[in-house]
Amino acid sequence: MSEKNSPADIDLGSLPLFRNADEPSIRDALVGCELLHLPANTPLLRPGESNHNVYIPVDGRVVVQLNASGEADSAIPIRLGECVGEMSAVDGKPVSALVITQEPSRVLRLPHDIFWGELMTVPGVAANVMSLLSERLRRSTEQALKAQSERLELQHLRKELDFARQLQTSMLPLQRPLFPERNDVSVCGFMEPAFSVGGDLFDAFFVNERELFFCIGDVSGHGIASAMFMARAIGLLRILAMTERQPDALLAQLNHRLCANNETNLFLTIFCGFLDLGSGRLVYSNGGHCPPLLDRAGRIEPIEVPKGPLIGVLPGARFGSFECQLGTGEILYLYTDGVTESQDPKGEEFTEHRCMEVLSRQRDVPLEQALHAVREAVVQFTHSKALEDDFTMLALRRQSDAPATA
């Protein structure tokens, strides 16, 4: 609640509105006015209301709030000794903006008839009012121009992010299934970024007629820097996989190149492998990534993987490799931790176990449908379609021992 006092103790000469004006005449005019002692966040004027007073801040901080957000950047300060509310008080139109104290303040309240009928007749006051209004208009114009410039910059940034998202998307193999012309394998993957651009990656391509290279990875962090690191990793993987057929040696070379000039200190977790579709032999290596899930003989379980260090952290790091047999009809599911670590409102994670439960009910459906089922299960679990982390999955099913038909 505000306190009210007489304005008699105000140092009028320190206030710009009264500077170089006749002080006895000003004090006579202010006899019927009140000095309000206001706490922070006290509205003086509200949009849409009628107003019959003029307010002059004596100390503290009073601002005109340009929008409802309450952000400091949208507020125009009223300097001590300036006036506010004078226009709505004289023209009778509703108040156009919120005027509010941002900290405890003393504010002089003048009825409009005293302000315009008595105070403005004191020599020098009218000239001060015009000078203060001009200065406030200049500040308001500068702030409006700055806000407009920031809006234009934001629009440009959004366009740049949209272009980056499209460019990143174009780098991933998004056709579903990936190799519709082949009868020996079915491969499907997707990446849904948490923000405009993401740091997850996946890829699958043939290095010869019967040998498939595939990988999935997750760059630390989010945003443009992670997306650029991801793009660099994808480009290197596509080059290295065509000449280096041992996955552990491939990751060693990838690590060596990503460690160089890594000024952002980003890193990558990755799983990659080579699958011989003729024999079903799968040779794979791992760099700190989640173990893939193997659907075999009616059971879905994580496969054993070499631990392997993170990519891009330790120059000269060594990686191990394992191998297994992928039988006809068996499915390998690869994912990033954005899938299993998705959280419900209580902070509980979706987990690998829930992911396996969903996939166990999708054995006889196309891979795209199985991956979609996991995404829908996560939406139901988290009660939100929004993502806290990039969500990426890749699935491949070995369909037959026969070579692909031309």
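All values below come from the heavy atoms of this structure, side chains included, with hydrogens, waters and symmetry mates left out.
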- Query: Does F322 have any ring pair (Phe, Tyr, Trp, His ring centres under 6.0 Å) partners at least two apart in sequence or in another chain, and if so, which?
  - Reply: none
- 4.5 Å side-chain heavy-atom contact, L275 and L396: yes
- Is there a donor-acceptor contact under 3.5 Å from the side chain of R363 to the main chain of S360? yes
- Item | side chain to side chain contact (heavy atoms under 4.5 Å, CB included) partners of A249, counting only residues at least two apart | E244, Q246
- Message: In the structure I gave you, are the side-chain heavy atoms of R46 and L98 within less than 4.5 Å of one another anywhere?
- Response: yes
- Check: I100 main-chain N/O paired with N41 side-chain donor or acceptor under 3.5 Å: no
- Measuring from F274:CZ to L212:CG, what's the distance to the nearest 0.5 Å? 9.5 Å
- Query: By side-chain hydrogen bond (donor to acceptor under 3.5 Å, both in side chains), which residues pair with T264, not counting sequence neighbours?
  - Reply: N262
- Message: Salt bridge or not between R398 and D184? Use side-chain N to carboxylate O under 4.0 Å.
- Response: no
- Item | Check: L201 and T392 side chains under 4.5 Å, non-hydrogen atoms | no
- Query: Hey, what do you get for CG (D276) to CD (E211), rounding to the nearest 0.5 Å?
  - Reply: 6.0 Å
- Query: Partners of F267 by ring pair (Phe, Tyr, Trp, His ring centres under 6.0 Å), sequence neighbours excluded?
  - Reply: none
- Item | Contact check, side chains of D218 and H289, non-hydrogen atoms, under 4.5 Å | yes
- Item | From CA spacing to verdict: salt bridge (charged side-chain N to carboxylate O under 4.0 Å, His left out), E103, R61 | CA-CA 6 Å; E103 58 186 51; R61 180 176 173 82; 5.6 Å; no
- Item | Non-neighbouring partners of S96 that pass side chain to side chain contact (heavy atoms under 4.5 Å, CB included), sequence neighbours left out | none
- Item | V107 and its side-chain contact (heavy atoms from CB on, under 4.5 Å) partner, picked from I78, V62, V84 | V62
- Task: Taking atom CE of M228 as the centre, report whether more than 12 heavy atoms of other residues, nucleotides or ligands fall under 6.0 Å from it.
- Result: no
- Message: Can you see whether F206 has R182 sitting over its ring - NZ or CZ less than 6.0 Å from the centre and within 45° of the normal?
- Response: yes
- Task: Could you walk me through whether M393 and D200 pass the side chain to side chain contact (heavy atoms under 4.5 Å, CB included) test, one step at a time?
- Result: CA-CA 10 Å; M393 296 191 71; D200 281 6; over 6 Å; no
- Qualifying side-chain hydrogen bond (donor to acceptor under 3.5 Å, both in side chains) pairs, either residue in residues 369-386, two or more places apart: E192-R375
- E330 meets the side-chain hydrogen bond (donor to acceptor under 3.5 Å, both in side chains) criterion, sequence neighbours left out, with R296
- Task: Please assess D248 against S285 for the test side chain to side chain donor-acceptor pair (under 3.5 Å), listing each intermediate value before the final yes or no.
- Result: CA-CA 5 Å; D248 54 338; S285 187; 5.8 Å; no
- Message: Would you say that E301 contacts L293 through its side chain, given a criterion of any heavy-atom pair below 4.5 Å between the two side chains?
- Response: no
- Closest approach of F319 and G287, non-hydrogen atoms and distance? CE2-CA, 4.1 Å
- Message: Going by side-chain contact (heavy atoms from CB on, under 4.5 Å), V58 matches just one of L12, L35, L80. Which one?
- Response: L35
- Item | Closest non-hydrogen atom pair, T328 against Q399 | CG2-O, 3.2 Å
- With rounding to the nearest 0.5 Å, note down the distance linking SG in C33 to CZ in F115. 10.5 Å
- Task: Answer whether the closest heavy-atom distance between the side chains of Y333 and L394 falls below 4.5 Å.
- Result: no
- Enter the distance from C324:SG to L332:CG here, rounded to the nearest 0.5 Å. 7.5 Å
- Message: Is any side-chain heavy atom of L110 closer than 4.5 Å to one of I56?
- Response: yes
- Looking only at heavy atoms, what is the nearest atom pair of A97 and Q65, with distance? CB-O, 3.9 Å
- Query: Counting N and O atoms only, with roles assigned by atom type, does the side chain of S342 sit under 3.5 Å from a partner on the main chain of G338, one being a donor and the other an acceptor?
  - Reply: yes
- Distance (rounded to the nearest 0.5 Å) between L326 CG and L294 CG: 6.5 Å
- Item | Qualifying side-chain hydrogen bond (donor to acceptor under 3.5 Å, both in side chains) pairs, either residue in residues 317-326, two or more places apart | R281-E323
- For the ring pair F190 and F391, is the centre-to-centre distance below 6.0 Å? yes
- Should R354 and E349 count as an ion pair when the cut-off is N to O under 4.0 Å? no
- With a 4.5 Å heavy-atom cut-off, do E357 and C355 have their side chains touching? no
- Message: Could you work out, with side-chain hydrogen bond (donor to acceptor under 3.5 Å, both in side chains) as the rule, every residue matching Q343, not counting sequence neighbours?
- Response: none
- Message: side chain to side chain contact (heavy atoms under 4.5 Å, CB included) for V305 and Y284? Distances and angles first, verdict last.
- Response: CA-CA 8 Å; V305 297; Y284 57 90; 4.0 Å; yes
- Task: Give the minimum heavy-atom separation between Q362 and A370, together with the two atoms involved.
- Result: CB-CB, 3.7 Å
- Item | Counterpart residues, side-chain hydrogen bond (donor to acceptor under 3.5 Å, both in side chains), relative to E352 (two or more places apart) | Y335
- What's the spacing between L178 CG and E368 CD if we round to 0.5 Å? 10.5 Å
- Task: Quick one: list whatever passes side chain to side chain contact (heavy atoms under 4.5 Å, CB included) with D344, sequence neighbours left out.
- Result: K346, E348, F381
- Query: Is the side chain of D390 donor-acceptor paired with the backbone N or O of A194 at a distance under 3.5 Å, no angle test?
  - Reply: yes
- Does the side chain to side chain contact (heavy atoms under 4.5 Å, CB included) test come out yes or no for L268 and F229, once each step is laid out? CA-CA 9 Å; L268 169 71; F229 197 85; 4.0 Å; yes
- Out of V339, D337, T336, which one pairs with D389 under the side-chain contact (heavy atoms from CB on, under 4.5 Å) rule? D337
- Message: Could you report the tightest heavy-atom contact between I300 and M356, atom names first, then the distance?
- Response: O-SD, 3.3 Å
- Task: Could you pull out the closest heavy-atom pair between L371 and G189, with the gap in Å?
- Result: CD1-CA, 4.1 Å
Donor-acceptor pairs are to be reported for all side-chain atoms of residues 250-261 against protein atoms at under 3.5 Å, with residues two or more places apart or in another chain.
from : atom 1 : to   : atom 2 : distance (Å)
N255 : OD1    : G312 : N      : 2.8
N255 : ND2    : L314 : O      : 2.8

- Counting heavy atoms not belonging to E49, are there more than 12 under 6.0 Å from its CD? yes
